[in-house]
Q: 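This is the structure, below, for whatever I ask next.
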Amino acid sequence: VHVAFPEHDIYDLAEDKFGFLKLAEESGCPCPNTSEVNSDTELIDIQIEDFPIVIKTRTGNSAKGVRLANDKKDLIDKFEDLVRTFKLSESRWPIIQEFLPGEAVGVCLLYEHGQCKISFAERYLRCKEPNRFGTSTLREVFENDEVINHAIAVMDRLQWHGVAHLDFVADKNGIFKLIEINPRLWGALSLS
């Protein structure tokens, strides 16, 4: 059996939501403001100007490790709950990410040793969880070369091999920002 799968260290980087977004920013891809929290003091002292704010585990899928906080106390409570629920060591603590209020889309890609062979974009019409969290259950084709080109630039830099699905959400100005990668096949495979 032949399997198109990236090298282990490349896959590990893609699985780390914080590390992957840093690489994406270096590729010129728009990303939401995202921060690590490395201590209890950092969590207590973190300065957030706009709520709601997203808290998410560094690895995970289908929004199982994602929470939305509406104020500072809510942020601390939900952050600590994620740490307890998933038994996260301090080196794997959740990240804090700017909440994006716009529409959500995905870019689906097939790569062969660092070269994009084909791409496809989709718009999410309905998701399992409120606020576009979790697996989307209804999608349609989305024609947007800019979003596709951002996705390709990131995956080219990563030298990807195999399939990948990148999630983008529009900010309040309508600019699509990359929120994460799913380094696997996507739910609407039949649509692509």
Side-chain angles (χ1 to χ4, degrees), residues 6-106 124 127-136 150-151 154-155 157-158 160 164-173 175-184 187:
E7 296 293 324
H8 191 280
D9 59 331
I10 293 173
Y11 183 83
D12 279 348
L13 177 58
E15 273 289 300
D16 177 8
K17 295 178 191 306
F18 186 74
F20 180 74
L21 286 179
K22 290 298 165 199
L23 177 120
E25 287 176 338
E26 292 168 6
S27 303
C29 183
C31 299
N33 293 328
T34 305
S35 304
E36 283 184 295
V37 177
N38 295 305
S39 69
D40 289 329
T41 304
E42 277 186 32
L43 178 61
I44 291 166
D45 292 343
I46 196 166
Q47 299 297 312
I48 307 290
E49 293 179 20
D50 294 318
F51 284 93
I53 196 85
V54 178
I55 313 157
K56 62 169 67 171
T57 55
R58 291 179 75 125
T59 60
N61 63 13
S62 301
K64 292 180 198 88
V66 179
R67 305 289 186 272
L68 197 59
N70 294 307
D71 57 41
K72 183 73 176 271
K73 181 183 181 321
D74 198 26
L75 167 64
I76 293 169
D77 290 346
K78 288 179 177 174
F79 187 97
E80 291 173 346
D81 180 61
L82 279 174
V83 170
R84 275 191 312 275
T85 300
F86 294 103
K87 299 174 179 57
L88 300 173
S89 65
E90 210 167 280
S91 66
R92 301 302 301 162
W93 271 9
I95 57 176
I96 309 295
Q97 191 171 75
E98 169 190 6
F99 175 77
L100 302 172
E103 75 175 315
V105 301
Y124 307 155
C127 295
K128 285 183 176 181
E129 304 293 328
N131 297 314
R132 295 171 327 280
F133 289 144
T135 304
S136 60
H150 281 309
V154 174
M155 300 311 284
R157 184 176 179 99
L158 193 57
W160 194 251
H165 175 264
L166 285 71
D167 285 314
F168 289 81
V169 178
D171 68 9
K172 62 185 176 187
N173 299 313
I175 297 169
F176 283 100
K177 294 183 176 181
L178 176 64
I179 61 165
E180 65 184 35
I181 181 179
N182 299 300
R184 56 177 166 72

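What you see is a predicted model, and the numbers here were worked out from it, not measured in a lab.
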Q: In terms of relative ring orientation, are His165 and Tyr124 parallel, tilted or perpendicular, with 30° and 60° separating the classes?
A: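 Rings of His165 and Tyr124: parallel, under 30°.
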Q: Should Arg58 and Glu15 count as an ion pair when the cut-off is N to O under 4.0 Å?
A: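 Between Glu15 and Arg58 there is no salt bridge, as every charged N stays at least 4.0 Å from the carboxylate O atoms.
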Q: Does any non-hydrogen side-chain atom of Ile179 lie less than 4.5 Å from one of Pro32?
A: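 Yes, side chains in contact.
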Q: Do the side chains of Trp160 and Val154 get nearer than 4.5 Å, heavy atoms only?
A: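 Not in contact.
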Q: So Phe176 and Leu100, do their side chains get closer than 4.5 Å, heavy atoms only?
A: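 No. Closest side-chain heavy atoms not under 4.5 Å.
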Q: More than 12 foreign heavy atoms under 6.0 Å from CD of Glu26: is that the case here?
A: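 Enclosed: over 12 neighbouring heavy atoms sit under 6.0 Å from CD of Glu26.
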Q: Are the side chains of Phe20 and Leu158 in touch, meaning some heavy atoms are under 4.5 Å apart?
A: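 Answer yes - side chains close enough.
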Q: Hey, could you give me the CD/CG distance between Glu80 and Leu88, rounded to the nearest 0.5 Å?
A: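 Going from the CD atom of Glu80 to the CG atom of Leu88 covers 12.5 Å.
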Q: Using side-chain heavy atoms (C-beta onward) and a distance below 4.5 Å, is Leu166 in contact with Met155?
A: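 Heavy-atom side-chain distance check passes, below 4.5 Å.
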Q: By side chain to side chain contact (heavy atoms under 4.5 Å, CB included), which residues pair with Ser91, not counting sequence neighbours?
A: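 Side chain to side chain contact (heavy atoms under 4.5 Å, CB included) check on Ser91 returns Ser89.
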Q: What's the separation between atom CZ in Phe18 and atom CG in Leu23, rounded to the nearest 0.5 Å?
A: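 If I round to the nearest 0.5 Å, the distance is 12.5 Å.
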Q: From Glu42 CD over to Asn38 CG, what is the distance, rounded to the nearest 0.5 angstrom?
A: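 So the CD of Glu42 and the CG of Asn38 are separated by 4.5 Å.
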Q: Just so I know, are the side chains of Ile53 and Leu75 near enough to count as touching, which here means a heavy-atom distance under 4.5 Å?
A: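 Yes, their side chains come closer than 4.5 Å.
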Q: Taking the side chain as every heavy atom from C-beta outward, state whether Ser35 and Ile95 have any pair of such atoms under 4.5 Å apart.
A: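 Side chain of Ser35 against side chain of Ile95, heavy atoms only: no contact under 4.5 Å found.
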Q: How long is the straight-line distance from NZ of Lys87 back to CG of Leu82, given to the nearest 0.5 Å?
A: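 It comes to 13.0 Å.
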Q: For a quick test of reading the model, state the closest non-hydrogen atom pair linking Ser39 to Trp93 and the distance between them.
A: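 So the two residues come closest at C-CZ3, 3.5 Å.
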Q: Calculate, to the nearest 0.5 Å, the distance between atoms CG and CD1 belonging to Asp16 and Ile181 respectively.
A: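 Between Asp16 CG and Ile181 CD1, I get 11.5 Å after rounding to 0.5 Å.
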Q: Mind checking salt bridge (charged side-chain N to carboxylate O under 4.0 Å, His left out) for Glu98 and listing every partner two or more places apart, or none if nothing turns up?
A: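 Partners of Glu98 under the salt bridge (charged side-chain N to carboxylate O under 4.0 Å, His left out) test: Lys177.
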Q: First locate atom SG of Cys29, then atom CG of Leu178, and finally report the distance between them rounded to the nearest 0.5 Å.
A: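 With rounding to 0.5 Å, SG (Cys29) is 4.5 Å from CG (Leu178).
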Q: May I ask you to test the Phe99-Phe51 pair for a side-chain heavy-atom distance under 4.5 Å?
A: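 SC-SC contact between Phe99 and Phe51 ruled out.
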